[in-house]
**Q** 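Sharing a structure here in structure tokens format.
As the structure is a prediction and not an experimental result, all values here were calculated from the model. Hydrogens, waters and symmetry mates play no part in the numbers below; they use all other heavy atoms, side chains included. Residue numbers start from 1 in every chain, and the chains themselves are labelled A, B, ... in the order their sequence lines are given, proteins ahead of strands.
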Number of protein chains: 2
Amino acid sequence: MRRMTARPANAHQARLLRLLRDGGPNSRAQLGDQVDLSRSKLAVEVDRLLETGLVVADGLAASRGGRRSHNIRLAPALRFLGVDIGATSVDVAVTNAELEVLGHINQPMDVREGPVAVFEQVLAMAAKLRASGLAEGFDGAGIGVPGPVRFPEGVPVAPPIMPGWDGFPVREALSQDLGCPVMVDNDVNLMAMGEQHAGVARSVGDFLCVKIGTGIGCGIVVGGEVYRGTTGSAGDIGHIQVEPDGRPCACGNKGCLEAYFSGAALARDAEEAAHQGRSQELSTRFEDSGRLSAVDVAAAAAAGDPTALDLIRAGGNRTGQVIAGLVSFFNPGLVVIGGGVTGLGHTLLAAIRTQVYRQSLPLATGNLPIVLGELGPTAGVIGGARLISDHLFSPA
Amino acid sequence: MRRMTARPANAHQARLLRLLRDGGPNSRAQLGDQVDLSRSKLAVEVDRLLETGLVVADGLAASRGGRRSHNIRLAPALRFLGVDIGATSVDVAVTNAELEVLGHINQPMDVREGPVAVFEQVLAMAAKLRASGLAEGFDGAGIGVPGPVRFPEGVPVAPPIMPGWDGFPVREALSQDLGCPVMVDNDVNLMAMGEQHAGVARSVGDFLCVKIGTGIGCGIVVGGEVYRGTTGSAGDIGHIQVEPDGRPCACGNKGCLEAYFSGAALARDAEEAAHQGRSQELSTRFEDSGRLSAVDVAAAAAAGDPTALDLIRAGGNRTGQVIAGLVSFFNPGLVVIGGGVTGLGHTLLAAIRTQVYRQSLPLATGNLPIVLGELGPTAGVIGGARLISDHLFSPA
DNA sequence: CGACTTTCTCCCGTCACAGGACAAAGGTGG
DNA sequence: CCACCTTTGTCCTGTGACGGGAGAAAGTCG
């Protein structure tokens with residue numbers, strides 16, 4: 001099924017589409033208040049959008065003291081697909097044109113099985129969402145992968161934790177399989193876009209979005225736009241050195257942040273503590289399941305286990321140390337912490353805050369909120385929908 | 001004397017002015033090749049610019065196989081003033097509209113004497129340049145100060161090394177005194193703009209410009225535009241911590257980069273080495289002048305003094321460590337090293353390169369040049385001229 | 001010297017756009 | 001229920017921006 005063949009013909013139409021996406025259904029008069037076009041021009045553009053089918057009439061708006069205005073909204077049948085491929089699981093969600101999540105599936109998966117196997121699973125999940133009646137088809141999809149991406153082509157480049165993905169034409173392949181336009185980006189950038197669209201970063205132009213999961217990455221937003229760097233690897237802060245000649249890291253270097261704090265490092269440290277009998281709580285959990293993960297540490301910490309709390313604090317300090325440097329350098333208006341380990345919650349946040357507020361200059365930290373992301377696992381998929389809608393809602 | 005009352009009336013005119021600024025005199029036909037306007041439209045806009053006096057006719061161009069085209073150039077009487085206020089000296093230069101330096105004065109000065117005294121000196125220097133026949137007046141001035149600036153207002157905010165400058169209305173005051181438009185920015189940003197306009201960064205969209213002088217700062221250029229951060233303190237990397245619980249720094253923290261490497265720290269380390277008799281070369285120089293500076297260390301290193309070389313290498317390593325982190329984070333297309341200590345030259349550069357290429361990921365360093373700035377002390381003043389010309393050559 | 005190219009100016013047709021006039025539809029106060 | 005005001009939407013027209021053709025001017029090349 002072919003869908004949404006139309007695209008905005010000019011910048012005005014694109015502007016209107018984005019207003020409707022971000023502000024929901026709106027009256028023609030309200031749109032007029034926001035766009036600075038003459039009434040005639042506005043009417044022409046809206047009529048053209050109605051002709052294309054991208055937007056539809058939606059009844060009458062409440063009166064503002066005179067004649068009631070006609071409501072306009074994005075076509076209710078439009079559907080975007082957001083796909084967030086993590087190291088160990090996939091999130092797939094379907095949204096409407098206003099980027100509201102209509103259905104969301106999460107499944108475990110190993111990214112190391114390679115693109116073919118992963119996309120088979122993703123397509124099955126998408127089919128399941130479609131079969132459940134949430135969508136008749138998809139008008140576009142935004143995909144996040146856990147590694148650097150050459151953005152214009154939508155191709156992963158030299159991803160450390162994704163063997164077999166290097167150079168795989170993700171965008172082209174998925175576009176073919178799904179039969180709709182596709183955009184591909186780093187998962188961290190997607191999270192940043194999600195929090196920007198529907199989360200804590202709604203009104204901030206310049207911010208950082210630190211995602212701590214299996215690895216550590218950082219989404220960079222400059223003037224409302226994601227910054228990707230010269231080769232698409234911007235934000236790759238997991239391998240910043242925090243300890244000269246420190247722990248060996250999987251990347252071959254020593255003392256990387258990821259070697260000290262990340263889902264994997266935390267699990268390893270917890271298992272070591274359990275072995276050494278330093279924590280009753282962790283030892284019990286280890287005997288139960290045979291291994292430990294960040295979730296176990298979070299649970300132990302919630303139960304008040306001092307060793308678990310120490311592990312979290314130590315990791316938070318390391319992370320805070322790096323973030324403090326980034327804050328001095330980048331002077332953001334907001335720092336968002338997200339990803340799998342947000343379950344560690346306020347212990348982690350407190351450690352990071354302490355470190356940043358102590359190390360960075362007052363001018364940079366004076367009015368700097370450091371907060372947890374508020375969307376959790378939906379940040380990525382909303383970001384994906386946002387990515388593709390930004391693309392589709394721009395002049396052809 | 002009132003000058004350059006005219007401003008471009010629209011984006012097309014602004015575009016043309018910038019092309020003439022960056023590309024020098026140009027024929028109408030050549031301009032047409034670059035701007036994608038119809039011949040009629042182009043002719044109209046050029047004629048209007050000629051009417052305002054911002055550009056003037058300049059003879060005939062060489063033939064390109066047919067009728068010769070008329071040359072156009074920016075008004076030859078236009079003059080911009082570039083002022084680079086450092087911690088211990090001021091640079092003032094006058095440029096033409098193509099930002100070529102026509103005259104350049106450097107004088108020692110202590111920024112701690114406060115804005116009134118400093119500006120008195122700056123105005124005297126500007127008057128001297130004018131008196132020497134290089135300019136009849138100034139059409140605009142760009143000022144760089146060694147501290148964070150609230151850019152839109154042109155006011156320093158909480159500058160650590162500039163007591164008495166906090167909140168001083170630099171832009172307004174100088175605009176009054178000079179009788180022309182003024183823009184104010186951080187000196188490091190000016191250096192970045194200078195290297196971008198006329199130096200090594202000419203064709204790079206995203207790059208970092210690290211200035212090592214009395215302090216250490218970093219200009220950040222994103223998509224060809226200087227990024228200043230939320231409060232104008234972006235790039236303040238001198239107080240990133242390189243050693244937990246390390247040397248005390250003037251800022252009150254411990255282990256800051258500036259405490260280990262900067263003009264001041266290097267001088268102190270050199271004096272200590274001289275005291276301890278670790279270096280014949282440095283001791284001799286110390287006895288000669290009673291104190292040591294970065295220049296002495298550079299001279300000693302040039303003479304092959306191992307202690308001096310070690311000092312430079314150690315500092316380079318620290319700096320490289322920080323830059324490596326920034327490279328991972330920002331993924332620039334180029335890193336420029338500049339400022340007072342560039343006299344330390346390739347010893348310093350080699351140490352920085354080693355550190356960066358070893359610590360950052362291959363994808364980020366793969367094609368990353370790390371080079372010395374090629375403009376030296378003129379980078380700042382050219383950047384100043386560029387700053388104000390960007391402002392004036394934009395639609396009113 | 002003639003054929004071809006390039007540049008520049010003039011001119012005209014088209015189209016985008018703003019804003020006024022007016023009709024439609026609602027509120028408000030008596 | 002009616003007169004009067006406000007808001008919204010539509011239609012129309014005048015203005016001005018713009019592209020591109022025609023043709024003159026100025027050169028090159030063989």
**Q** Inspect the contact between A:Glu51 and A:Arg48 and indicate whether a charged nitrogen and a carboxylate oxygen are less than 4.0 angstrom apart.
**A**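 No, no charged N to carboxylate O under 4.0 Å.
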
**Q** Closer than 4.0 Å, any side-chain N/O of A:Arg68 to the OP1 or OP2 of D:dT8?
**A**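 Checking A:Arg68 against D:dT8: no side-chain N or O falls below 4.0 Å of OP1 or OP2.
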
**Q** Within the structure shown, what part of the strands sits under 4.0 Å from B:Ser40 by heavy-atom distance: base, sugar-phosphate, or nothing?
**A**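 Since a base atom lies under 4.0 Å of B:Ser40, the category is base.
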
**Q** Please check the phosphate of C:dG26 (OP1 and OP2 only) for any side-chain N or O of A:Ser63 closer than 4.0 Å.
**A**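 A:Ser63 to C:dG26 OP1/OP2: no side-chain N or O under 4.0 Å.
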
**Q** Measuring to OP1 and OP2 of C:dT5, would you say a side-chain N or O of B:Arg67 lies under 4.0 angstrom away?
**A**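 No, B:Arg67 has no side-chain N/O under 4.0 Å of OP1/OP2 on C:dT5.
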
**Q** Counting only heavy atoms not in A:Asn367, do more than 12 fall under 6.0 Å of its CG?
**A**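 Count not over threshold, so no.
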
**Q** Give a yes-or-no answer on whether the side chains of A:Ser69 and A:Arg28 include a donor-acceptor pair shorter than 3.5 Å.
**A**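 There is no such pair between these side chains.
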
**Q** Please round to the nearest 0.5 Å and tell me the distance separating atom CE of B:Met193 and atom SG of B:Cys209.
**A**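 Result: 11.5 Å between the selected atoms.
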
**Q** Rounding to a whole Å, what distance do you find between A:Arg64:CZ and D:dT6:C1'?
**A**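 To the nearest whole Å, that distance equals 11 Å.
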
**Q** For B:His70 and for A:Leu60, find the nucleotide of DNA chain C with the closest heavy atom, then tell me which residue's nucleotide is more 5'.
**A**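 Residue closer to the 5' terminus by nearest nucleotide: B:His70.
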
**Q** Atom CG of A:Leu42 and atom P of D:dT8: how far apart are they, to the nearest Å?
**A**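 Going from CG in A:Leu42 over to P in D:dT8 covers 12 Å.
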
**Q** Return the value, rounded to whole Å, for the distance between atom CG of A:Leu37 and atom P of D:dG9.
**A**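 Taking atom P of D:dG9 as the reference, CG of A:Leu37 is at 14 Å.
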
**Q** Rounded to whole angstroms, how far apart are CG on A:Asn71 and C1' on D:dG9?
**A**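 Atom CG in A:Asn71 sits about 14 Å away from atom C1' in D:dG9.
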
**Q** Between B:Arg202 and B:Glu195, does at least one N-O distance fall below 4.0 Å, as a salt bridge requires?
**A**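 Here B:Arg202 does not pair with B:Glu195 in a salt bridge, since their nearest N and O are not under 4.0 Å apart.
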
**Q** Send over the distance from B:Gln30 CD to C:dT6 P, rounded to a whole Å.
**A**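 B:Gln30 atom CD is separated from C:dT6 atom P by 14 Å.
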
**Q** If you assign each of A:Glu45 and B:Ser69 to its closest nucleotide in DNA chain C, which residue comes earlier from the 5' end?
**A**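 First, find each residue's nearest nucleotide; the 5'-ward one identifies B:Ser69.
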
**Q** Measure from CG on B:Asp47 to P on C:dC10 and round the result to the nearest Å.
**A**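 In whole Å, C:dC10 P and B:Asp47 CG are 9 Å from each other.
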
**Q** By the 4.0 Å heavy-atom rule, please label A:Arg28 as base, sugar-phosphate, or nothing.
**A**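 Contact class for A:Arg28: sugar-phosphate only.
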
**Q** Taking atom C1' of D:dT7 as reference, at what distance in whole Å does atom CG of A:Leu31 sit?
**A**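 The distance from CG of A:Leu31 to C1' of D:dT7 comes to 16 Å, rounded to the nearest Å.
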
